[in-house]
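Heavy-atom basis, side chains included; hydrogens, waters and symmetry copies ignored. Only a predicted model underlies this, so the values are computations on that prediction, with no experimental measurement involved. Whatever order the structure lists them in is the order used to number ligands and atoms, beginning at 1.
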Amino acid sequence: MQQVITNPQNDIRQMHTNTTLISGNFKKKDIVSLDQFSTEDLRILFTLTNQMKQIVVDHEPSGLLAGHMVSLLFFEPSSRTFGSFAAAVKRLGGQTLDIQSPEIVSSVAKGEPFEDTICTFEAYSDAIVLRHKIAGSAKLAAETASSIPVINAGDGNNEHPTQTLLDLYTLYDQLGRLNNLTCLIAGDPLNSRVIHSLIRGLSLFNNNTVYLLSPPQLQLTRDDFLFWSARGIRIIEITSEKDIPGDCHFWYWTRIQQERFASREEYHDAMKERFIVTPKLLNDYANKDMILLDPLPRVGTIDPAVDADKRAQYFRSQIRNGLYTRMALLALLLGMA
Ligand code: CP
């Protein structure tokens, strides 16, 4: 498995052949891929998420995770995922070991192998939350730390399953259903782990249609397009704003993933062709009841003039739901709910 960590070109389907399904029992499971979830698993998670939201809103002291230590190992920068996992543990009375940039502050800087770092934090904690730049690293960590849950907080251009959990919760909360939806997902389908997990999530439900808007060079690989289309979700790739349908229930905007480009020149070329949400774009193509989501960070995706529009949910429900969803997930994985 060392090969996985040194080869960023891994086939993402191959990476998930051995992930364990949740099947209604979250206790001690690793969370590596959205493909581990069924609709019933999401129902269980979202029911608990509602309770977690109430704990936060009511400032209710909770000792649900008292006595538990969670290691947050972030080999890539993060504001929301790191912050919400740290807040989730602490809101429930647990503690965190916060290791941001392990390649600078830990013995990784001295050449420690990835598996040894994971084994070390396995010894100190009850769960590990891992973000890493290499696709497949979460699965390798899960296999290495076999005695505790490992949660994928984003592995390279592969997946970001907890982002999709909070996004699906937000969509269900706002729209009242997760089937029969038409949506626009824009940005960088080729490189965005968030888009890859979201398509997996939406494909769990019937009759969903995804319009994918991007420059041609950032479309899904043909393998991914065929693989996900075979699940029944309709994926329609478009390269012009003029092709945005007027009946979308939600728009999901993502940034061009600078860190996945081979050179600055290629990134800057892609940025020139990016699409930006402006008040005019919303006025021309969006209906009044849709919602606008963005996993953030905002890097050339949405004009701040849009923030005041009530349809813009990224700084409203979406980031807050990240806290509630991760509280629920941790409580379930640690067997405390
Ligand atoms: N959405 C998201 O993953 O944001 P961060 O990179 O700030 O965690």
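In this structure, H268 has its ring center no closer than 6.0 Å to that of F261.
Ranking protein heavy atoms by distance to atom 6 (O) of ligand 1, first place goes to R131 NH1, 2.8 Å. Considering only non-hydrogen protein atoms, atom 4 (O) of ligand 1 sits nearest to R80 NE, 3.2 Å.
Under a 4.0 Å heavy-atom criterion, E76 is not in contact with ligand 1.
Each of the atoms 1 (N), 2 (C), 4 (O) of ligand 1 lies under 4.0 Å from some heavy atom of L296. Per-residue contacts place S79 under 4.0 angstrom from the following atoms of ligand 1 (heavy atoms of the residue considered): 5 (P), 7 (O), 8 (O). Interface atoms of ligand 1 facing P295, defined by a heavy-atom separation under 4.0 Å, are 1 (N), 2 (C).
The aromatic rings of F250 and Y252 sit perpendicular to each other, their planes meeting at more than 60°, with 30° as the lower class boundary.
Both the sub-6.0 Å distance and the 45° axial angle are not jointly satisfied by R264 relative to the ring of Y267.
Hydrophobic clustering of Ile, Leu, Val, Met, Phe, Trp and Tyr side chains at less than 4.5 Å, counting indirect connections, unites F85 with V89.
Pairs passing the salt bridge (Lys or Arg N to Asp or Glu O under 4.0 Å) check and including a residue from residues 83-95, sequence neighbours excluded, read K90-D98.
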